[in-house]
Amino acid sequence: MRALMLMLALLLSGNALAHKASDSYLTLQVRQHQIAGQWDIALRDLEDAIGLDDNGDGQLTWGEIRHHQPDIVRYAQQRLALRGNDKPCTLQIGTLALTQHVDGIYSALPLSAICPQRVDALAIEYRLLFDIDSQHRGLASVTIGDSTQSLLFSPEQPRQDLRGRAWTDTVYEFLRQGTIHIWTGYDHILFLLSLLLPSVLVWRERRWQAADSLRLAMADVARIVTAFTVAHSLTLTLAALGLVRLESRWVESAIAASVILAALNNLYPFIRGRRWMVAFGFGLIHGFGFASVLAELQLPRQSLALALASFNGGVEIGQLAIVAAFVPLAYLLRPTPAYRQLGLMGGSLAIIGVASIWLVERLFDTTIW
Amino acid sequence: MRARRFAWLTLLLALPAGATNYIPASDASVVTTLPASKNPAVRQLQQLRRQQASKPGSVAASIELARNYIASARLLADPRYLGHAEALLRPWLQRADVPADVWMLYGMIQQSQHHFEPALQSLRKALALQPSNAQAWLTLASVLQVRGDFVAARSACSRLVTLLGPAEAGDCIAGIDALTGRAHEAIGLWRQRLASGRVEDWAQPWLLGQLAEASQRLGRDEDAEQWFQRALNGNPDTYLKAAYADLLLQRGQPDKVLILLAGDEQIDPLLLRIAEARQALRQPQAQEAIRQLQQRFDAARARNDATHQREEARFQLHLQGNPARALQLAQANWQIQKEPADARILLECALAARQPAAAHAVLRWLGGTGLEDEASWQLARKIQALLT
């Protein structure tokens, strides 16, 4: 024996052992207060743990396995504990079948569990084989609501806790995304600003003049912002739900065109008092623009309405922030010639310039800038 | 990183439960054969297991059983036995007074898992308690050697002179000489040992393997071939077969590889060589072997097992044509171990990925240690050529 050990010392260096070590595979799906899934345990491991080869001939027959079904079920059941919201769930293991994995044949145990209430937080305690094999690992895939998480159980980490994605997380996440997308949506911002620039002015004697009434100016702003919001929320929802689909090239080009027209209207005001209608009309198109961005975020299936509403909410909050920053400043500056000439005229010209570049880029799928 | 590690697992487990389940037609149908059940080593294990179970408080019984588990793990290339050994030792490791042998065996387990730093710690603890533990010195020497810490390894080997005898110590030191610019001396010593006829049976395959690899490194391929052939007559283990397969692949003889490794597809390092041979012969079965290897590497990654990085680097480079990924793996591997094969794979990857800077550490190390390895130096020259 001494000799054997000496040989081992010399030979073990740098040599990776050949077969795979012991793993079990656990899948669980949590729905409301019920859990369903499957647990695959290697026959080899069951043989080591409880002994299946009754006649000792080195071969496991289906009959031998079936004979030990109650032992297998009891062995597994004692080594897995599920708790929902910190209350124990009753675990049932059904009739086993067989399945194949990379390193051999496993028993496939169907699992089901009932928990006292709807599961928001799941705790899993896993103890399979650790008492006889420190290298055994439990590989688990658990789905709660919309999220699937992968877990690794080891003697060092026999217990893991997970929560489904709380509705508050969904709301927060999509609220955030909506806000980001309006703040980085320069075409939307410029469209809105183009419409808002003249809100603090009135068209009299063939030119823009400072508005007298704050109340009337605010009313104008409110009408425009509301119209824009309602319109883009409508089409965003329709597009996000897949009810209406428009090709992105045309949508983006139309948005660029809308910005040009809105700014042009400041230089040649053919629509003065009813700019909210412009906001509504073009707002419908802008909504499709938001939808294309939302498509990349993967709306969760189970809380779609919530996510959509939150995203929309984020857009509105972001928009309000811009308006709240811009309008008071504009109102204060409105009597100055600088506002009318530099701000309104100059600004609108600049906007037309930028939006024209966008229009060409988007229409012809190219980049100029 | 976590996402990548588990990506395959989520895919696999996303299959509807029951998709691949089945039930055999009759009770008599054989579902699976238990590995090595007829092997006498396994019978002995069962007997020792019964003994240990009847004396759970006896540390001696546990140590004996753990020793046998580790031996079986090596013999059968099966890591489950290491898991059994570790589980057996755990309760003893948690007590206030851990026996030296328990630390030593734990160190050997950690060594097999390629946790070399923890292994060194365990072995040093064993030696602090029992400085005369020859097994611990020998294991320490081999871990230090794999880590490329040759000065300390040599010092550990020299302890064996008084504890085991000059012949064993000489073998140990020769192993280090072979890697530090004194390969000719090492080969000479080992040849003498063989000729003297005083080499025990268990040591012969090891000695022959060392001779073969050292000869191959010096470019003496015919000599290497002879040593490998002689070693095959004994009971060649996975390590020997893999090393011989590498020589055959290098000499452009993939057909012989398939004969040598026939039936060894279950063993991961050998499956790698089989796949390379099949690819060299343009056989359609190569694809299947590649697919299986990918599955096995993914399975290892899912359980945080990083012992196969050298093999995986080779797999990515030669079989998946992904030199960038291969280089990453080779570099990670080099952090853990520094054997000639580790140096070679990193140089190969750096060359293939056209990143000569990545080879810098290895080139410096080669120069510092004086390793005589034709293949490494050829690769080094090609990399120098890239730089100029």
Side-chain angles (χ1 to χ4, degrees), chain A residues 1-23 25 27 36-38 43-45 47-48 53 57-63 65-66 97-105 108 110 129-137 139 141 148 150 152 154-155, chain B residues 6 9-10 13 17-18 20-24 26-34 37-38 67 70-71 73-74 77-80 82-84 86-87 90 108 111-112 135 138-139 142-143 145-146 200 202-203 206 238-239 266-270 295-296 299 302-305 307-308 311 337 339:
Chain A
M1 190 34 64
R2 187 186 92 154
L4 193 56
M5 294 309 289
L6 294 181
M7 171 182 84
L8 291 179
L10 292 170
L11 295 174
L12 272 172
S13 65
N15 179 23
L17 287 166
H19 293 99
K20 183 165 109 22
S22 169
D23 296 316
Y25 301 92
T27 27
Q38 180 171 305
L43 289 177
R44 170 100 195 265
D45 289 330
E47 163 65 19
D48 279 341
D53 186 16
D57 66 346
Q59 294 192 317
L60 289 181
T61 61
W62 179 232
I65 296 170
R66 274 202 323 118
L98 298 172
T99 187
Q100 171 118 31
H101 282 271
V102 160
D103 60 331
I105 311 285
L129 289 173
F130 290 154
D131 54 338
I132 59 172
D133 187 346
S134 301
Q135 285 302 305
H136 173 76
R137 297 289 181 264
L139 306 174
S141 173
T148 302
S150 297
L152 184 69
S154 65
Chain B
F6 284 127
L9 178 63
T10 320
L13 294 178
T20 48
N21 293 357
Y22 69 96
I23 292 185
S26 86
D27 276 0
S29 58
V30 174
V31 174
T32 189
T33 306
L34 297 167
S37 50
K38 303 255 192 290
R67 257 192 234 275
I70 295 175
R74 183 63 190 73
D78 191 337
R80 264 189 176 82
L82 287 182
H84 292 326
E86 194 180 336
R90 262 185 193 226
M108 291 177 79
Q111 177 197 30
S112 309
Q135 178 72 74
L138 192 49
T139 311
S142 79
V143 175
Q145 183 177 312
V146 171
E200 308 186 41
W202 59 263
W206 177 79
T238 304
Y239 187 73
Q266 268 310 304
I267 303 181
D268 295 358
L270 299 183
Q295 272 189 339
R296 299 203 198 164
R303 68 193 320 272
N304 281 3
D305 180 349
T307 58
H308 298 75
E311 273 76 24
Q337 49 191 73
E339 298 192 291

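Keep in mind the model is a prediction, meaning the values are calculated, not measured. Chain naming here is simple, since letters A, B, ... match the order of the sequence lines and numbering starts at 1 in each.
No side-chain heavy atom of A:Q100 sits less than 4.5 Å from a side-chain heavy atom of B:T20. For the pair A:D48 and B:H84, the minimum side-chain heavy-atom distance is below 4.5 Å.
Contact of A:R66 with chain B is made through the side chain alone, with heavy-atom distances under 4.5 Å. For B:R90, the part sitting under 4.5 Å from any heavy atom of chain A is the side chain, from C-beta outward, and nothing else. Contact annotation for A:I65: only side-chain heavy atoms (C-beta onward) come within less than 4.5 Å of a heavy atom of chain B. Using a 4.5 Å cut-off between heavy atoms, A:D53 touches chain B through its side chain atoms alone. Interface remark: A:L60 contributes backbone and side-chain atoms alike to the contact with chain B (heavy atom separation under 4.5 Å).
Closest heavy-atom contact between A:L152 and B:R303: CD1-CA, 3.9 Å. The shortest non-hydrogen separation linking B:V30 to A:Q59 is CG2-OE1, 3.8 Å. Nearest heavy atom pair, residue B:I23 against residue A:A97, reads CG1-CB, 4.0 Å.
Ion pairing between a basic and an acidic side chain is recognised when a charged N comes within 4.0 Å of a carboxylate O; A:D45 and B:R80 show such pairing.
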Could you walk me through whether A:R44 and B:T32 pass side-chain contact (heavy atoms from CB on, under 4.5 Å), step by step? CA-CA 9 Å; A:R44 170 100 195 265; B:T32 189; over 6 Å; no

Hey, mind stepping through A:T61 and B:V31 against side-chain contact (heavy atoms from CB on, under 4.5 Å) and telling me if it holds? CA-CA 5 Å; A:T61 61; B:V31 174; 5.9 Å; no

Going through the checks in order, is the side-chain hydrogen bond (donor to acceptor under 3.5 Å, both in side chains) test met by B:N21 and A:Q38? CA-CA 10 Å; B:N21 293 357; A:Q38 180 171 305; 2.8 Å; yes

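Rounding to the nearest 0.5 Å places OG of A:S22 at 10.0 Å from CG of B:D78.
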